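In what follows, a single structure is set out as structure tokens and then discussed.
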Amino acid sequence: IRAMIRASEGLNNLRILLPMVTTLTEVDEAIYLIDQAYAELVEEQYPIEKPEVGIMIEVPAAIYQAREFARRVDFLSVGTNDLAQYMLAVDRNNARVASLYDALHPAMLQVLLKIIEGGHAAGVQVSLCGEMASDPYAVILLLAMGFDSLSMNPASLPRVKWIVRSFSMAKARKILADVLTLEHP
């Protein structure tokens, strides 16, 4: 942690993202260690800024604690690849069941809304990373949900930019409302 913070000296752009978080205690302990390393470096007279700390929400246990997590950290990020896999109990890399993997499953959409609600209620930004951010159909829904940023591979940027520019927020919200009210067999 000290090495990461020192490496950001003069840049002050370090953001620490804690993966696979399941409990508030894990976050509290990590923040304690980060704060301790920062305090030591300040005491040693290094001209550094304290890094932002966030968590990756990618396991179901973190979903229903999003607001409490958000009260402790500077940002939330949703890892949709793992989250969808764990939510749907489907190994997306197993050819025998991969067809059951669906990041646009109604339960996933409801979960994403809950995470955004929790993060924004606590005043932190909520970002999303994973294959879902590159899916043109999903991008419309993600924008309407209120994600603050989407992270994707560079090859997807032109297509996603086109989608973002082609749909007004009002149209995106209408599509989201329609999708959420659809009856699913």
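The model shown is predicted, which means the values in this text are computed figures rather than measured ones.
Between P136 and R159, the shortest heavy-atom distance links the atoms CG-CD, 3.5 Å. What you find for M56 and V78 is that their closest heavy atoms are SD-C, 3.8 Å. Residues K50 and Y38 share a closest heavy-atom pair of N-CE1, 3.3 Å. In terms of heavy atoms, I1 sits closest to A37 at CG2-CB, 3.6 Å. Summarising the geometry of P51 relative to I34, their closest heavy-atom pair is CG-CG2, 4.2 Å, with the distance given to 0.1 Å. Residues S77 and S127 come closest through the heavy atom pair OG-OG, 3.2 Å.
Between M20 and D82 there is a side-chain heavy-atom pair separated by less than 4.5 Å. Taking the side chain as every heavy atom from C-beta outward, M145 and L109 approach each other to under 4.5 Å. A 4.5 Å side-chain heavy-atom check between E117 and R67 finds at least one atom pair inside the cut-off. For the pair L143 and F167, the minimum side-chain heavy-atom distance is 4.5 Å or more. At a threshold of 4.5 Å between non-hydrogen side-chain atoms, the residues I31 and V73 count as touching. For the pair Q125/S149, no side-chain contact is recorded, criterion being any heavy-atom separation below 4.5 Å from C-beta on. Between M108 and D102, every side-chain heavy-atom pair lies at or beyond the 4.5 Å cut-off. Annotation: side chain of L104 is in contact with side chain of M132 (closest heavy-atom distance under 4.5 Å).
Taking CD1 of I57 as the reference point, atom CZ of F69 lies at 7.0 Å (rounded to 0.5 Å). Here the straight-line distance linking atom CZ of F75 with atom CZ of R15 works out to 4.0 Å at 0.5 Å rounding. To the nearest 0.5 Å, atom CG of residue L180 and atom CD1 of residue I175 are 12.0 Å apart. Note that the CD1 atom of I163 and the CD1 atom of I140 stand 5.0 Å from one another [nearest 0.5 Å]. Here the OH atom belonging to Y64 is positioned 9.0 Å from the CD1 atom belonging to I115, to the nearest 0.5 angstrom. Taking CG of L141 as the start and CG of L112 as the end, the distance is 9.5 Å to the nearest 0.5 Å.
Judged by distance alone, the side chain of T80 and the main-chain N or O of C129 form a donor-acceptor pair under 3.5 Å. E9 places no side-chain N or O within donor-acceptor distance of the main-chain N or O of I48, the cut-off being under 3.5 Å. Proximity of a side-chain donor or acceptor of E131 to a complementary backbone N or O of N81 within less than 3.5 Å is not detected. No donor-acceptor pair under 3.5 Å is formed between the side chain of D74 and the backbone N or O of G54.
Under a hydrophobic-cluster definition in which Ile, Leu, Val, Met, Phe, Trp and Tyr are linked whenever side-chain heavy atoms come within less than 4.5 Å, directly or via other members, L150 and I116 are assigned to the same cluster. Linking ILVMFWY side-chain heavy atoms closer than 4.5 Å, directly or via other members, places M87 and L128 in a single hydrophobic cluster. Taken together through direct or relayed side-chain contacts under 4.5 Å among Ile, Leu, Val, Met, Phe, Trp and Tyr, V21 and Y32 form part of one hydrophobic cluster. Neither I55 nor Y86 shares a network with the other; the hydrophobic side chains, linked directly or stepwise wherever heavy atoms of I, L, V, M, F, W or Y lie under 4.5 Å apart, form separate groups for each. V59 and I63 end up in different hydrophobic clusters when Ile, Leu, Val, Met, Phe, Trp and Tyr side chains are linked at under 4.5 Å.
Ion pairing between E44 and R2 holds under the 4.0 Å rule for side-chain N and carboxylate O.
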Exercise for the section: Assess whether side-chain contact (heavy atoms from CB on, under 4.5 Å) is satisfied between L18 and E26, documenting all intermediate values. Expected result: CA-CA 9 Å; L18 307 173; E26 291 171 323; over 6 Å; no
Practice task
Just do the side-chain contact (heavy atoms from CB on, under 4.5 Å) check on Q36 and L33 with the steps written out, would you?
Solution key: CA-CA 5 Å; Q36 182 180 7; L33 293 172; 4.0 Å; yes
